[in-house]
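Just so we're clear, the structure is a prediction, and the values are computed from it rather than from any experiment. By convention in this document, chain letters (A, B, ...) are assigned in the order of the sequence lines, proteins followed by strands, and residues within each chain are numbered from 1.
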Amino acid sequence: MKKVIPAIGLMASVLLACGQDQQEEDAAHGLEGKDWDDIVSEAEGSEIGIYMWGGDDGVNQYLDEFVAPHLEEEYDITLTRYPMDAPDFLSKLMTEKEAGQNEGSADLLWINGENFRNAKNNDLLYGEFTSHLPNMEDYIGDDAPFVHFDMGTEINGHQAPWGNVQFAFQYNSDMVENPPETMEDLIEWAIDHPGQFTYPNVNDFTGNAFVRHVMYHVADDPEELETFNEEWLEENKEEVFDTLRTFKESLWRNGQTYPESLSHLDQLYSNGEVAFTMGFNEHRAESLIEDGIFPEATETVVLEPGSISNTHYLSIPFNSPEPEAAMVAINFMLSPEAQIKKLDPSMWGEGTVLNAESISEEQVQEMEQITGPAIVESEDILPELDSRYHDWILEHWEREVVQQ
Amino acid sequence: MIFNRKKAAQAVWFTGCILLFVAPVVIMFIKSVSFGWSWPEWRPDQFSLRAWEVMFRDPALSRSLYVTVAVGVSVVLINFLIAVPSAYALSRFSFKGKGVVEALLMMPILIPVLAIAMGMHLTMIRLGLTDRITGVILIHLLPTLPYAVRVLKAGFDRLSFDWEEQSAVLGAGRWTTFWTVVVPLIIPSLRSTAVLVFVISLSQYVLTAIIGGGKVLTLPMIYYPYFNSADEAVVAGFSVLFALLPIAFLIVWEAVIKGYLFVIRKP
């Protein structure tokens with residue numbers, strides 16, 4: 001009992017502090033005492049821009065042909081897409097911050113992982129805003145871990161989850177007779193079929209995620225990696241890199257070189273040079289087959305010990321000229337309507353962040369109709385690792401694997 | 001026999017040129033309209049206009065073509081305004097500190113553009129030139145001007161001063177001499193400068209992205225992100241479109257030159 005009281009006291013003071021921060025932040029943003037309706041009416045007639053990667057026609061189409069017209073119609077907000085990579089727009093924001101430019105050029109950012117960490121640490125974001133969004137509360141809730149942490153970085157309402165994808169492998173069933181079921185099978189398969197498997201360089205996000213799966217494979221229990229665990233890394237470093245070295249010689253081009261990006265691996269795969277490719281978004285093969293990029297015989301598989309999930313987010317830059325309209329736009333993109341439309345493989349075709357319990361029976365059925373049976377079973381889902389693991393892999397892989 | 005050898009050499013040269021310059025564009029075009037064409041098939045068995053649909057579905061594409069050409073042409077014109085007088089001066093006169101001026105003019109291509117761009121960005125924010133087409137045009141002078149000065153200076157160097165003296169002896173003023181004698185004689189240099197500058201401006205991505213902030217949407221801003229996808233057909237389609245712009249520019253530029261020569265030759 002004695003222990004409980006200080007704990008409650010501590011919690012209460014933390015909660016109080018949070019409440020206070022919230023009030024201060026709202027005051028700084030001029031949102032004090034405003035409810036959602038005020039924000040919506042203030043957003044009316046605004047023109048906003050979003051910085052986002054522009055290299056996927058499905059994603060672009062979803063923004064241009066679904067999100068933008070709906071925002072125009074329902075809220076009288078004009079949304080323009082500015083194609084730019086996250087590191088590029090972050091360095092731009094950084095310079096703007098230095099120059100003290102408080103009237104920026106965009107209102108929304110598509111961001112996650114280490115880019116979010118950098119943006120948050122350098123105060124490039126607007127601040128806490130998700131608590132104002134009704135759809136955040138109604139359809140996403142507070143339970144999912146991705147609401148609180150993005151690759152180990154505390155979110156504090158600085159960004160709102162937009163989509164959720166799972167890591168999966170794609171293979172050409174004409175080339176692979178007995179598809180592997182575990183990471184161990186895959187490694188064996190690679191050794192038996194020299195030159196037909198490879199993974200992207202770890203500088204690439206997907207290549208790095210492949211190595212993170214190998215780490216999960218080495219770990220006895222996924223929980224060991226739940227938080228950034230330097231001790232574990234110390235102890236298991238050899239085993240992780242040993243595993244990668246065991247099949248290095250059998251990789252494409254004898255492991256002398258690795259595809260420098262996922263797009264390169266995808267091209268090798270579509271040309272039939274390798275039998276496997278991989279990537280976040282378990283549904284990504286569907287539209288690629290439809291567009292004639294991947295072979296018809298492409299199948300998707302999740303290997304034991306499971307599939308890392310990855311969430312990407314929407315945020316608002318510190319110098320957004322129209323933060324109210326940005327919030328309205330984000331709120332719309334979190335609505336069941338927009339989230340369900342995003343599942344459609346003929347456009348984007350990626351996972352939702354909706355809490356299945358908060359939406360209607362009909363909506364759940366609609367979602368199942370669009371996506372078909374689940375590719376990744378819920379018990380196979382592995383939490384995304386702290387972004388410091390990402391850095392750790394970057395630091396050691398080259399020396400431990402490539403140069404050996 | 002000699003005649004035949006000459007003909008054969010010509011044929012080899014001609015084939016070489018086609019293989020090097022025309023064939024890649026043709027292959028790109030075929031790639032952009034093929035469907036599921038992959039190794040080891042030597043030709044596509046299915047065709048589809050999907051890639052071109054994807055490109056033209058982007059509402060920003062037509063505007064970006066217009067912006068790209070507007071930026072490119074302005075950069076070429078400003079380059080002429082600055083480079084012709086400076087190249088002329090560097091070639092014709094010797095003055096104190098000429099070496100320093102020449103070195104300074106070469107600086108932008110010796111120092112990594114990205115390093116300059118970061119610093120320029122800060123200055124341009126203060127001047128209110130970012131996110132505007134004016135800023136993008138100005139920043140494109142950075143990687144183009146050194147080449148323009150170099151090429152034009154070489155042109156003036158080859159042109160003997162005698163021609164200008166002759167014109168002066170015949171009673172022409174400085175401006176008349178310049179427009180009717182010097183300009184027609186350095187047209188080859190003007191031609192290569194214009195095309196070189198246009199192509200360099202056309203292919204700028206990083207500078208346009210940083211200074212234009214994604215708001216000044218040139219073709220590379222839409223086109224380059226697709227390199228990050230497995231969609232080879234769309235990349236091929238954009239590449240064809242990209243290759244057509246300098247060709248169109250060259251044709252228009254030739255017409256301008258022909259028109260100019262026609263006008264000054266009139267008595």
Problem - Heavy-atom pair with the smallest gap, counting every atom of Ser263(A) and Phe227(B) - result: OG-O, 3.5 Å
Practice task
Measure the shortest side-chain to side-chain distance between Asp88(A) and Tyr205(B) over non-hydrogen atoms and say whether it is less than 4.5 angstrom.
Solution key: yes
Exercise for the section: Check the side chains of Asp85(A) and Tyr224(B) for a donor-acceptor pair under 3.5 angstrom, ignoring hydrogens and angles. Expected result: no
Completion exercise
Contact list (residues 165-174 of chain A to chain B, heavy-atom gap under 4.5 Å, by number) returns none
Problem - Contacts of Trp110(A) that satisfy ring pair (Phe, Tyr, Trp, His ring centres under 6.0 Å) - sequence neighbours left out - result: Trp162(A), His312(A), Trp348(A)
Exercise for the section: For Met28(B), look at atom CE and say whether over 12 heavy atoms of other residues, nucleotides or ligands are found less than 6.0 Å away. Expected result: no
Problem - Listed partners of Thr208(B) passing side-chain hydrogen bond (donor to acceptor under 3.5 Å, both in side chains), at least two apart - result: His140(B)
Exercise for the section: Under 4.5 Å heavy-atom distance to chain B, tell me which part of Phe89(A) shows up: side chain, backbone, both or neither. Expected result: neither
Completion exercise
Heavy-atom closest pair (Pro225(B) atom, Pro83(A) atom, distance to 0.1 Å) is CG-CB, 4.4 Å
Exercise for the section: Could you look at Asp131(B) and say if it's the side chain, the backbone, both or neither that has a heavy atom under 4.5 Å from chain A? Expected result: side chain
Handout entry: Contact origin within Met118(B) toward chain A - heavy atom pairs under 4.5 Å
Key = both
Problem - Best-contacting candidate, Gln46(B), Arg126(B), Met221(B), His121(B), against chain A by heavy atom pairs under 4.5 angstrom - result: His121(B)
Fill in the blank from the handout: If one checks every heavy atom of Thr277(A) against chain B at 4.5 Å, the contacting part turns out to be neither
Practice task
Mind checking the CD-CG spacing from Glu232(B) to Asp291(A)? Nearest 0.5 Å is all I need.
Solution key: 13.0 Å
Handout entry: Under 4.5 Å from a heavy atom of chain B, the part of Glu103(A) involved
Key = neither
Practice task
Tell me, out of Glu296(A), His264(A), Glu65(A), who's got the most heavy-atom pairs with chain B below 4.5 Å.
Solution key: Glu65(A)
Problem - Separation between CG of Leu288(A) and CG of Asp231(B), rounded to the nearest 0.5 Å - result: 7.5 Å
Problem - Any Thr130(B) side-chain heavy atom under 4.5 Å of Glu96(A) side chain - result: no
Problem - Over 12 non-hydrogen atoms of neighbours within 6.0 angstrom of CZ in Phe242(B) - result: yes
Completion exercise
Tightest non-hydrogen contact, residues Lys215(B) and Tyr82(A), listed as CE-OH, 3.0 Å
Exercise for the section: List the steps and the verdict of side-chain contact (heavy atoms from CB on, under 4.5 Å) for Asp56(A) and Ser229(B). Expected result: CA-CA 7 Å; Asp56(A) 183 285; Ser229(B) 76; 5.7 Å; no
Handout entry: Greater than 12 external heavy atoms within 6.0 Å of Glu47(A)'s CD
Key = no
Handout entry: Shortest non-hydrogen contact from Ile125(B) toward Ala99(A)
Key = CG2-CB, 3.7 Å
Exercise for the section: Kindly check if the number of other-residue, nucleotide or ligand heavy atoms within 6.0 Å of OH (Tyr66(B)) is above 12? Expected result: no
Problem - Spacing of Arg81(A) atom CZ and Leu217(B) atom CG [to the nearest 0.5 Å] - result: 8.5 Å
Problem - Structural part of Leu122(B) lying under 4.5 Å from a heavy atom of chain A - result: both
Exercise for the section: Please identify each residue that fulfils side-chain contact (heavy atoms from CB on, under 4.5 Å) with Thr123(B), with sequence neighbours left out. Expected result: Leu127(B)
Exercise for the section: Any chance you could lay out the side-chain contact (heavy atoms from CB on, under 4.5 Å) test for Thr95(A) and Met124(B), step after step, and finish with the verdict? Expected result: CA-CA 11 Å; Thr95(A) 319; Met124(B) 286 195 139; over 6 Å; no
Practice task
Taking the side chain as every heavy atom from C-beta outward, state whether Asp57(A) and Tyr226(B) have any pair of such atoms under 4.5 Å apart.
Solution key: yes
